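These notes concern the structure reproduced below.
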2 protein chains.
Amino acid sequence: MTLQNNKPESVGRILEAAEILFSEKGFEGTSISAIAKAAKVSKANVYHHFESKEALHIQVLKSACEDFGNIVNGLISDTGLLEDRLGKFAGTHILDMERRNRGTRLILRELIEGDQNRQLLFAENVASNHFKHLLSFIQDSQESGDVREDVDPAVVATLLLGANVFFFMAKGTLQNLDDFTLSDNPAHFGHAISKIIAHGISKNKTE
Amino acid sequence: MTLQNNKPESVGRILEAAEILFSEKGFEGTSISAIAKAAKVSKANVYHHFESKEALHIQVLKSACEDFGNIVNGLISDTGLLEDRLGKFAGTHILDMERRNRGTRLILRELIEGDQNRQLLFAENVASNHFKHLLSFIQDSQESGDVREDVDPAVVATLLLGANVFFFMAKGTLQNLDDFTLSDNPAHFGHAISKIIAHGISKNKTE
DNA sequence: GTCTATACAGGGATAGAC
DNA sequence: GTCTATCCCTGTATAGAC
C-alpha cells in the first residue's frame with residue numbers, strides 16, 4: 001500500500017467503495033454518485049480528493065496490482081517433486097485470486113478492455129512478477145535436468161497461469177456444466193492441472 | 001444466423017456497428033447514438049428495430065454464440081496420435097477465436113460481467129458445445145486406453161480451452177514480456193500446449 | 001475537508017411528420 | 001421505415017458557502 005496515513009478516513013472509504021463498484025460493474029458502469037453514496041460522502045468530496053473519475057480508477061487499479069504483485073515471493077518451495085512444487089504454486093495462485101477477488105476482477109477487466117498503454121502497465125507490474133517467477137523456476141528445472149529441453153518455459157507458464165485465470169473467471173459458467181464437479185474447489189483444480197503439466201514436461205518418468 | 005431476409009438493409013448495418021462497438025467498448029461504454037452514427041441511421045431508427053439497448057445487445061450476443069457454437073463439429077480428426085488430434089483441435093480453436101475476434105471478445109466480456117442468468121445462457125450455448133465435444137473425445141480416449149484413467153476429463157478440457165482463451169485475451173499483455181516470443185503465433189501456441197498436455201495425460205510413453 | 005447547488009453535456013427513449 | 005425534434009434523467013465536473 002502506498003497510502004499515506006495523514007489522509008482523512010473518507011479517502012479510504014472512497015477507495016474501497018470504488019474498488020467494489022469498479023470490479024462489479026466496470027469503469028463505465030460505475031458512476032461517481034454511486035461511489036460517493038457507498039462511501040457516505042458527497043460527490044464533490046470525491047472530486048476534492050481525486051482529480052477525475054479516471055484518476056480514481058487508476059489509483060484503485062494500482063493498489064490491486066501492488067497487492068497482487070507482492071504475494072508471489074516464496075510461492076515455489078525449494079525441494080520436493082516437480083509435480084508438488086508446481087502444485088503448490090498453482091494452488092496458492094488460484095486461492096490468492098479468490099482471496100483478492102475484487103482486485104483480480106479489476107485486473108481481468110483491464111486485460112480485455114485496456115488499451116496498449118494500460119496493458120504495458122500490467123505487463124510490468126503484475127505479469128512480470130508472476131510470470132517471470134514461474135518462468136525462472138521452469139528454466140532452472142530444465143538446467144537441473146528435471147524438465148525436458150524441448151519445451152518452451154514461457155508456454156508452460158502461460159498454460160498454468162492461463163488455466164488458473166480461466167478457471168477463476170469462468171467458474172460461474174463452468175458450474176452449469178454437469179460434467180464439471182470441481183467448480184467449487186479451486187485449489188483442487190490447481191493441483192490437478194499441475195499434475196498433468198508436470199507429467200507433460202518431465203524428463204523422468206515418475207509415474 | 002437467424003436473420004430473416006425480409007428485413008431492411010439498415011438492420012444489418014445496425015447489428016454490425018453494434019457488434020463492433022460493444023466488443024470494443026463494452027455495453028456501458030457504447031451509446032445508441034454512437035451505434036446509429038456508425039450504422040448511418042438515426043437513433044430513432046435503432047429504436048424502431050430494437051426494443052431497447054439491452055435487446056440489441058442480446059441479439060448481437062446470440063449471433064456471436066451461434067457463430068461460435070457451429071464451428072466445433074468435425075474439429076477432432078478420427079485418426080492419428082493423441083498429440084496431433086489434440087493439437088489440431090487447439091490450433092483450430094485458437095484461430096477461430098482470432099477469426100471471430102469481435103464475437104470472442106463479446107463473449108469474454110460476458111464471462112466476467114454477466115450475471116448468473118447470462119452465464120447460464122453461455123453455458124448452454126457455447127460452453128456445452130466446445131466443452132462437451134472435447135470432453136467426450138478425452139473420455140473416448142480413456143476407454144480406448146490412450147489416456148490414463150486417473151485424469152479428470154473435465155480438468156483436461158478446462159486446461160486446454162482455458163489456456164487458449166487466456167492466450168487470446170492476454171496476448172496484448174504477453175507481447176510486452178521479453179521471454180514470450182509466441183504472442184504473434186496463436187496456432188503455434190495451441191500446438192505447443194497440446195503437446196505438453198498429450199504427454200501429461202497419455203498412458204503410453206510415446207516420446 | 002465537507003457540503004449544497006448548479007452547469008452543461010450526453011445518455012436512453014418517445015412523438016409525430018413524412 | 002426513416003427522419004427531426006424533444007423529453008427527462010443522469011453523467012462528470014465545478015463554484016462557492018461553511
Side-chain angles (χ1 to χ4, degrees), chain A residues 1-62 106 109-110 113-115 117-118, chain B residues 1-63 106 109-110 113-115 118:
Chain A
M1 285 286 198
T2 28
L3 220 67
Q4 267 120 32
N5 284 345
N6 53 1
K7 296 236 171 152
E9 182 208 7
S10 62
V11 173
R13 290 206 309 275
I14 292 171
L15 283 170
E16 194 187 345
E19 190 189 43
I20 293 174
L21 289 168
F22 282 143
S23 73
E24 285 178 357
K25 299 177 187 294
F27 180 77
E28 308 278 2
T30 301
S31 70
I32 298 290
S33 315
I35 294 173
K37 198 178 205 173
K40 285 171 192 157
V41 294
S42 68
K43 264 199 289 187
N45 195 316
V46 176
Y47 280 102
H48 175 72
H49 293 294
F50 299 93
E51 208 178 59
S52 65
K53 187 185 176 184
E54 182 145 14
L56 172 57
H57 186 233
I58 289 183
Q59 181 79 3
V60 168
L61 225 41
K62 272 191 185 165
L106 276 172
R109 278 207 143 84
E110 280 300 304
E113 302 186 9
D115 56 14
N117 288 337
R118 288 278 183 78
Chain B
M1 288 285 198
T2 30
L3 219 69
Q4 268 119 31
N5 283 345
N6 52 1
K7 296 235 170 151
E9 182 208 7
S10 62
V11 172
R13 289 205 309 275
I14 292 171
L15 283 170
E16 193 188 347
E19 189 190 45
I20 293 174
L21 288 167
F22 281 143
S23 73
E24 284 177 357
K25 298 177 188 293
F27 180 77
E28 309 278 1
T30 302
S31 71
I32 297 290
S33 316
I35 294 173
K37 199 177 204 175
K40 286 171 190 157
V41 295
S42 68
K43 260 203 292 186
N45 195 314
V46 176
Y47 280 103
H48 174 73
H49 292 294
F50 300 93
E51 207 178 59
S52 65
K53 186 185 176 185
E54 182 145 12
L56 172 56
H57 187 232
I58 289 183
Q59 181 79 6
V60 169
L61 225 42
K62 273 191 185 165
S63 297
L106 277 171
R109 277 207 142 84
E110 280 300 305
E113 302 185 10
D115 56 13
R118 288 276 181 79

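Residue numbers begin at 1 in each chain, while the letters A, B, ... track the order of the sequences. In this text the structure is predicted, and so the values were computed from the model without any measurement.
B:E19 has its side chain out of reach of B:L15: every pair of non-hydrogen atoms, C-beta onward, lies at least 4.5 Å apart.
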Heavy-atom contacts, protein to nucleotides 13-18 of chain D, under 4.0 Å, summarised as B (base), S (sugar-phosphate only) or - (none) per nt, yield BBB---

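Taken to the nearest 0.5 Å, the CG atom of A:L56 stands 9.0 Å off from the OH atom of A:Y47. For the atom pair CD (A:E113) and NZ (B:K25), the distance works out to 11.0 Å, reported to the nearest 0.5 Å. Of the inter-residue distances, the one linking A:F50 atom CZ with A:N45 atom CG reads 9.5 Å to the nearest 0.5 angstrom.
Remark: C1' of D:dC3 and NZ of B:K40 are 17 Å apart, rounded to the nearest angstrom. Taking atom CD on B:E28 and atom P on D:dT12, their separation rounds to 11 Å, with Å as the unit. C:dA15 atom C1' lies 14 Å from atom NE2 of B:H48, rounded to whole Å.
DNA chain D is contacted by both A:T30 and B:H49; B:H49 maps to the nucleotide lying nearer its 5′ end (nearest heavy atom per residue).
Listed nucleotides: D:dG11, D:dT2, C:dT2. Nearest to the side chain of A:S33: D:dG11.
Side-chain nitrogen and oxygen atoms of A:N45 include none within less than 4.0 Å of the OP1 or OP2 phosphate oxygen of C:dG1. Residue B:S10 has a polar side-chain atom (N or O) positioned under 4.0 Å from OP1 or OP2 of D:dT2.
Applying the salt bridge (Lys or Arg N to Asp or Glu O under 4.0 Å) test to residues at least two apart or on different chains, the pairs with a partner in residues 31-60 of chain A are A:E54-A:R118.
Each of B:I20, B:V60, B:I14, B:V41 was compared with B:I35 under the side-chain contact (heavy atoms from CB on, under 4.5 Å) criterion, and only B:I14 meets it.
If you check every strand for non-hydrogen atoms under 4.0 Å, A:S31 touches sugar and phosphate atoms only.
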